Structures are given as structure tokens and as C-alpha cells.
**Student:** 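Have a look at the structure that comes next, please.
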Amino acid sequence: MGRADDRRARQRSGRRAAPRNRSAQESAATAPGAPSSAPATAPAAGGRAAARRAAQQRGRGGTKDKGLIRRMFTWKKVLGTFLGVCLLGIGAFVLMYMMIDIPKGNADALKQSNVYKYSDGSILTRDGDLNRENVDLAQIPKPVRRTFVAAENKTFYQDAGVDLKGTARGILNTVAGKGAQGGSTITQQYVKNYYLTQEQTVTRKLKELVISLKLDREKSKDYILAGYINTSYYGRGAYGIQAAAQAYYRVDASKLTVQQGAYLAALLQAPSQYDWAAASDTGKRLVQARWNYVLDNMVEEGWLDKTKREAMTFPVPKEPKEAPGKAGQVGYLVNAAKAELERQLVKQGRADSLEDAEDLVGRGGWTITLNIEKKKQKALEASVKEQLTGKLDPKKRSVDGDVQAGAASVDPKTGAVVAMYGGVDYLKHYTNNATRTDYQPASTFKPVILAAALDKGAQTQGGKPITADTIYDGTSKRPVVGSDIGFAPENEDDADYGDITVQTAMNKSVNSVFAQMGVDVGMDHVLKVANDLGMDTEGLKAVPAQTLGTMGASPLQMAGVYATLDNHGRKVTPALIKSVQNSTQTLELTDPIGGQVVSREAADTVTSVLTGVVDDGTARTSVRDNPDRRGQKVAGKTGTSDNNKSAWFTGYTPDLVTSVGLFGESAKPPHPQVTLTGATGQIPGKGRINGGGYPAQIWAAYTFGVSTKVSRFDLETDQGAAVRPTVTAAPSPTVTHTPTQEPPTTQAPTTKAPSQTPTTQAPPSRTPSQTPTTEEPTTEPPTSEISTPPANPLDPRFGEQQ
């Protein structure tokens, strides 16, 4: 009775427990005289129990796992672990706080000279003399002081000297190898500059945090701010605001205006990139934006009247005045080497940012050996002087004062920059013409288009493969076919060529052909290949106009592009630095020779085609017929930009690649781009300076003077002028063209095989009405002997397209 009563009580209370003795339950349910409710209730309870046991049997494994997880990760254990970690972290920080004291300042003590050497180990120059003069904060106008606070740390006067969130992010990034991110306070930056180093380690960041907290407790905000603006690096070799005020505005710090102070404060973020004298267009936009940011923050903080702010204009800094030790080419070489070293330091995680790398190099102690070879360097300088600058006379012709020359020479097998010409004198012209990227490379870009076509196996609009023998329509102002963007480029002097081969189009630098080829290949792919070869095409819009080389490029970049072609398609990144030594840093330089970026066949075919430019094209007079040529094999391309603002020749032998650029830059600030036409007064007719003129003359005098070895290109191709006679297709005598006459937009370039057979006979003479100007390339095939130069070698008979 006890069990039955107990069971009934549980059933009445709604509990669904299974009976302790299932067989007894079943017997009771079937026994005579059992209550009428028993058969209904007992089986129901037994069915639920059976179902529960079956479910438990099916999920027994999952239940055990879940139970284990619940027992291991209860909220009490998770909370306890979290609190334990926090306590350990707090304990460790307290211990560090007790053990780490504010050290003595070491910035001045660590200041040393940097030694720069030629490739043979001889001394090029030394630098690193400390350009710093500390000034009391009271000597600096209060609004100028506030520009630095507005730029870097608006909460400077209220915070405890650290940004915990920013520091934590920096530590996590360091551990993850992601580099540095912003967030440091003025106090932390001062501690890093004056008490610690720029190395990117967790230990340094933790020390920085502790010392910053202690410094903020022990020193006044004015003391910290004064230390910060007196120890920061501002570029131009200037440490501290007094040296910076003199370097940029020729005034003492006490005489700085708010506008000038805001520029110096903005400059600290990226001294090299934001230095107005050397900044790219992008750099100038960025520093102006940051200058506005600083002044707007001052208005927001109530430190500057809004009306006065609106009336302020950007204070353009004065031209730099460098130390005499950097005269001539030395300053260009030193600054270019510094920039390369700084990029390496950031790339290898030795510095948080380019700003930190600049400061690290500026502290000195480096021995930097360049790849520059004395003999080649002197030869390049002499060539520029003999072929160009010796002929310039700004007193007679104002345009002569607007001519700037730049050049870079690279060994294609090692990537070593063996010579560089940055300008007439670093002390007279601060910008390095060899590394500047603000002028168009013009037609020297055409080989990149051909390389992209060959590497991709591209086809014409008619479905024919693009090769050196493919026929294109060379009609001037011919609209390109297959592009959503209308484009009909004019050939130089509006010359029509009719149906010509790709080889001939390269020889004569025909715009209409390469504009169509770029569309046939796909301009997005063309720009990708250009970037792979060494040009900076990031962010450029892939439009047909880019086929004319309208992007910016430097002689150093173009030397790298052509060196990659010379190296059979393996990437060559020009390297100015040979080795680096420092007592506190171990730096292994990146190998300048990379992987295959275009196929060997494509690269070798382009080289083969470019030999035609020298032997039967726009560089024929200056290079092929040069009396100093000793049989060296040469490939190259000329280029002249729109309005004759730049003129180029980039060429190579199997062992040496050199790019020479001439740039029209007004001698008057702010030095806008101007035309080169008329310079030297020695070019008849229009006086236009083409790439086949002075640039090719400089190239030839330098290359044939230092490259005495006669070797042939090792080409794996059956195309181009280097492997068989060039087919020169003259324009049809019946072709006429006026500016209003254009071919139908639906007409695709023909792709029929050349109907001519290779011949050593010159094509029929043109009638006078069909003959281009004297600057147009002739159509004569190369002769078997080297002819003597024309009476005026400075007047190339061949021009090239824009």
C-alpha cells in the first residue's frame, strides 16, 4: 500500500517519475480488482518513462560532452579565470612600475655621423652633425605651441600622459606583426624620442607606457611639451622647432606665425613626404589637409578665432638650404639612399613608420655602402654636361633656365644602381630629377603595352594574335575600336602611316597603333603589367589615354622596367644600397632580383622589337650612327610628352640599362611644368626637344664610354628586328587625311600578314606633300655600315609621338 500511495501521490502532483519496479506496475495494472483508473494511468506513465529512456540512450554521448563542457566552463570558473588574469596583469604592471625609473635622456648621446661609401668602399661623404638648438617654451608664441597639441593630442592638458587603448592596440599589432598604428600621446612620443628608441617591440612599448605615466606625474605639461617640440624630427636635418623654423621659414621659433606653426606641427606626421620642396602632388594635398585639420581643431578647442581661421592661407615653405657637404650629386645620392634605407627599416619591422625610420637613421651610427660606381658616376655627370647643360645659357634664352635633367643607370643582372644624376647641383635644385615621378614617360610606355599583349597572348579586334608582324592602321586620329570611352589620338605632326606592322609602329612611335593595341589587350591588364614591371599605377583609371604614357614616372622607375625586360622578364627592382652596417641594427637587404613577371618570350620579343627603334627609328641618328659605338647591341625607346614638357630615352645593352629624362620646370616658384621647346637654341625649325635628341645623345655618350664590352642579346624569340630584317611599310601614296576626315568607328584594325617581303631596298620616295617634317623618322632601312653623323647631330631627323 505504501508504494501504491506514493505513486498515486506523485501522479496527482504532476510528476512523471517511472515506477521503481516496472514488472510490479504491469502486474498491478492487470490484476483482478484493480481500480478502474489504474489501467489508464499506469500505462501512460510507463510510456513516458520508456520514451525518456530511449532518448537518453540515443543522446548519451552528446549529453556526456555537454555535461563536461558545463562543468568546465561554468560562469563562476570563467569569471574567476578572467579576474585571475586581470590580477596577474595588474600585478605585473605594478612590478614594472616599481622597477622602471625615468632614465637619463639619450637622444643627444646617441647622435653620430652616418658614413656613405661608393661601391668600392671609398668615402662618398659623412653626415649627421646635430642640427638642434633647444628653446624655452616661453620663447615660442602660445598659439604656435597649441598647434602641436591640436595636431597630435587634443586632450594633452587633461590626460594622464598615456592612451591605454592606443597602446594596447600597438602592442597587439606588434605581437601580430601588423606594424604600428596611431594613438600615442604627446607624452608617449616625447618619451620614445628622448628616453627610448624607435624599435618596434613589446618591451619598448611597455617601458614607454610606464615612463610616460611617471613623467606625467613628476613633470609639468609645459615641460613635456617643450621637450616634445625640441626633440622631434622635422625633416631637412632639423631636430627641434628652432632648427625647423630656420630650415623652412628662415625665422627664429619666436617669430613663427600660427599658420607656419600649423605646418611644422603637420610635418611631424611624415617629414619627408610632407616637405613641400620635395613632396609629390599627393604629398602636397595630404599636408594641406593636415594643416587644415590642425587649425580646425584649434577653433574647436577655442584656441583660435573662427574669423581669423577663415582668413588664413597656406604658408608655402622656402626652398631648402643644405650643407656644403651635399653639393653636386652628393646630396641627391645621400637622400635617395636614406629614403631606401628607411623603407627597408619599416618593411622589416625595425621601425613603426617612415617617421620613426627617419628619426632612427637621423640618430646616426650607420655605414651605408652604395652600389654607385665612381667611374660610371663621373661618366654620367660628364655626359650630361657635355651634351646638354654646357649648351644652356639662361641669360640668352629664359627657357634654358627651365631645363632639368635626370638619369639612372642599372645593372640588369643584379639590380644595382651604378650611377645616378639628380640635377645640376643639389644646393641649387633640391628635387632629385632621377627619382621624381611628376612627369609623363610618354612613348617610353609603349613597350609596356607590347609586353602586356605578348604575355597575355592578346588578339586584335579581328581575332588575330598580336605579334611584331601584325598589321595595324596607322592613320592619325583614328578612333579606337572596342572601347566604351571614345579616343582618337593624333600622331606627331598629324602624320598618316596607313597599314603598318607593329615593328614599324614602334620604330616610328605611332600613337594610333598603340592606342588600339591597348584596347585590344585590355587597359586594366596593361596597367597591371606596368605595375608588375616596376611602375606605380595604383589608383590609375584604366582608360585608352594611358597608352600615351600620361601617368607619372621617374627615370629610376623606367630603368627598372627596362631592366626587367633586359633580364628576360624577371623582376628587377633598382637598388641603390649595397650593404648597411650599424652597431645596434642588423639589416639584411631585400634581393633586388625577383620572380618572373612576364614570360621570357614576351620580354625577349620586346627587346628584339626595340632594337629596331635604334637601328631604323627615332634613335637612329643619336645611337646607331654614333661614332663611339663599337658594335654594341642596343635596344631602346624614345618619348616626348604633350607640349614638349618632357623628353626621354631609355635604352639598354645586354649589360647596362640607363634612362634619361629632360623635364621642363619653371625656374620661378612654384616651379610649374613648362615646355622645353627652344632650349639651347641649336635645334632648327620648331626647336622641339625630342627623346631622340639630347636624351639619346646623353645616353649614347655615357653608355658607349663605360660599356666597352661587345655582347649580344640572348633572345628566345623569332620575332622583331633583332632576329630578322625589319619590314618597313611606307604609307600608301593615295592616303590623304584632313582633321575632319576620320575612319568609321566600326572599322577594326586589319590583321592581314604583311604583303611585303623583306628587302634591303628603300621604299619609294614620297612626294613632297606626303613627307613629314624634318623631325619625323625616315623610312630607310638600316645600312650595313655605320654612317658618319649628320652636320648637326643635335637635330635628330626622327621625332616620336606624344
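Note that this is a predicted model, so its numbers are computed, not measured.
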**Student:** Go through the side-chain N and O atoms of Thr437 and Gln557 and say whether any donor and acceptor fall under 3.5 Å apart.
**Tutor:**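 No, no side-chain donor-acceptor contact under 3.5 Å.
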
**Student:** Between Ala647 and Pro695, what is the shortest heavy-atom contact and its length?
**Tutor:** O-CG, 3.6 Å

**Student:** Could you go step by step and tell me if Val162 and Thr187 meet the side chain to side chain contact (heavy atoms under 4.5 Å, CB included) rule?
**Tutor:** CA-CA 7 Å; Val162 298; Thr187 306; over 6 Å; no

**Student:** Without hydrogens or angle criteria, can the side chains of Gln377 and Glu381 be said to hold a donor-acceptor pair below 3.5 Å?
**Tutor:**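 Short answer, yes.
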
**Student:** Flag yes if more than 12 heavy atoms outside Lys221 fall under 6.0 Å of its NZ atom; otherwise flag no.
**Tutor:**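 Correct, the count exceeds 12.
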
**Student:** Quick one: do the Ser398 and Asp400 side chains pair a donor with an acceptor below 3.5 Å?
**Tutor:**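 The answer is no; no qualifying pair exists.
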
**Student:** Please report the closest heavy-atom contact between Thr431 and Ala277, naming both atoms and the distance.
**Tutor:**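 Residues Thr431 and Ala277, closest heavy atoms: OG1-O, 3.2 Å.
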
**Student:** How about Glu319 and Tyr430: does a side-chain donor come under 3.5 Å of a side-chain acceptor?
**Tutor:**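 No, Tyr430 and Glu319 have no side-chain donor paired with an acceptor closer than 3.5 Å.
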
**Student:** Would you say that Tyr274 contacts Pro317 through its side chain, given a criterion of any heavy-atom pair below 4.5 Å between the two side chains?
**Tutor:** no

**Student:** Can you label the angle between the Tyr233 ring and the Tyr239 ring as parallel, tilted or perpendicular, going by 30° and 60°?
**Tutor:**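 Ring orientation, 0 to 90° scale: tilted.
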
**Student:** Ignoring hydrogens and geometry beyond distance, is a side-chain donor-acceptor pair present between Tyr702 and Thr658 at under 3.5 Å?
**Tutor:**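 Distance-only check fails for Tyr702 and Thr658.
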
**Student:** Val418 versus Ile372: any side-chain heavy-atom pair under 4.5 Å?
**Tutor:**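 They are not in side-chain contact.
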
**Student:** In terms of relative ring orientation, are Tyr332 and Tyr426 parallel, tilted or perpendicular, with 30° and 60° separating the classes?
**Tutor:**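 Rings of Tyr332 and Tyr426: perpendicular, over 60°.
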
**Student:** On a heavy-atom basis, which atom in Arg290 and which in Ala151 lie closest, and how many Å separate them?
**Tutor:**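 Heavy atoms only, the tightest pair is NH2-O, 2.9 Å.
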
**Student:** So, do Lys338 and Tyr116 sit near enough that their side-chain heavy atoms are less than 4.5 Å apart?
**Tutor:** yes

**Student:** Using atom types as modelled and distance alone, determine if a side-chain donor or acceptor of Asn531 lies under 3.5 Å from a backbone N or O of Asp536.
**Tutor:** no

**Student:** Under a 3.5 Å threshold, yes or no: a donor from one side chain and an acceptor from the other, between His671 and Gln404?
**Tutor:** no

**Student:** Taking the basic N atoms (NZ, or NE/NH1/NH2) and the acidic carboxylate oxygens, is any pair closer than 4.0 Å for Glu300 and Lys154?
**Tutor:**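 A salt bridge links Glu300 with Lys154.
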
**Student:** With Trp291, which of Phe314, Tyr263, Trp276 fulfils ring pair (Phe, Tyr, Trp, His ring centres under 6.0 Å)?
**Tutor:** Phe314

**Student:** Any heavy-atom pair between the side chains of Leu295 and Val258 that's under 4.5 Å?
**Tutor:** yes

**Student:** So, does Gln348 use its side chain to make a donor-acceptor pair with the main chain of Glu588 at under 3.5 Å?
**Tutor:** yes

**Student:** Return the minimal non-hydrogen interatomic distance between Pro271 and Gly235, and the atom names on each side.
**Tutor:** CB-N, 3.6 Å

**Student:** Side chains of Ser184 and Lys192 only: does a donor on one sit below 3.5 Å from an acceptor on the other?
**Tutor:**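 Looking only at side-chain atoms, Lys192 and Ser184 do not form any donor-acceptor pair under 3.5 Å.
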
**Student:** Looking only at side chains, do Gln242 and Asp252 share a donor and an acceptor under 3.5 Å apart?
**Tutor:**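 Distance-only check passes for Gln242 and Asp252.
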
**Student:** Around atom NZ of Lys284, are there more than 12 heavy atoms of other residues, nucleotides or ligands at under 6.0 Å?
**Tutor:** yes

**Student:** Report yes if some heavy atom in the side chain of Val572 is under 4.5 Å from a heavy atom in the side chain of Val657; otherwise report no.
**Tutor:** no

**Student:** Sort out for me which residue in Phe156, Tyr195, Phe148 forms a ring pair (Phe, Tyr, Trp, His ring centres under 6.0 Å) with Tyr190.
**Tutor:** Tyr195

**Student:** Begin with the C-alpha distance, continue with both residues' side-chain angles, and end with the deciding distance and a verdict on salt bridge (charged side-chain N to carboxylate O under 4.0 Å, His left out) for Lys578 and Glu340.
**Tutor:** CA-CA 11 Å; Lys578 181 178 182 180; Glu340 186 172 310; over 6 Å; no

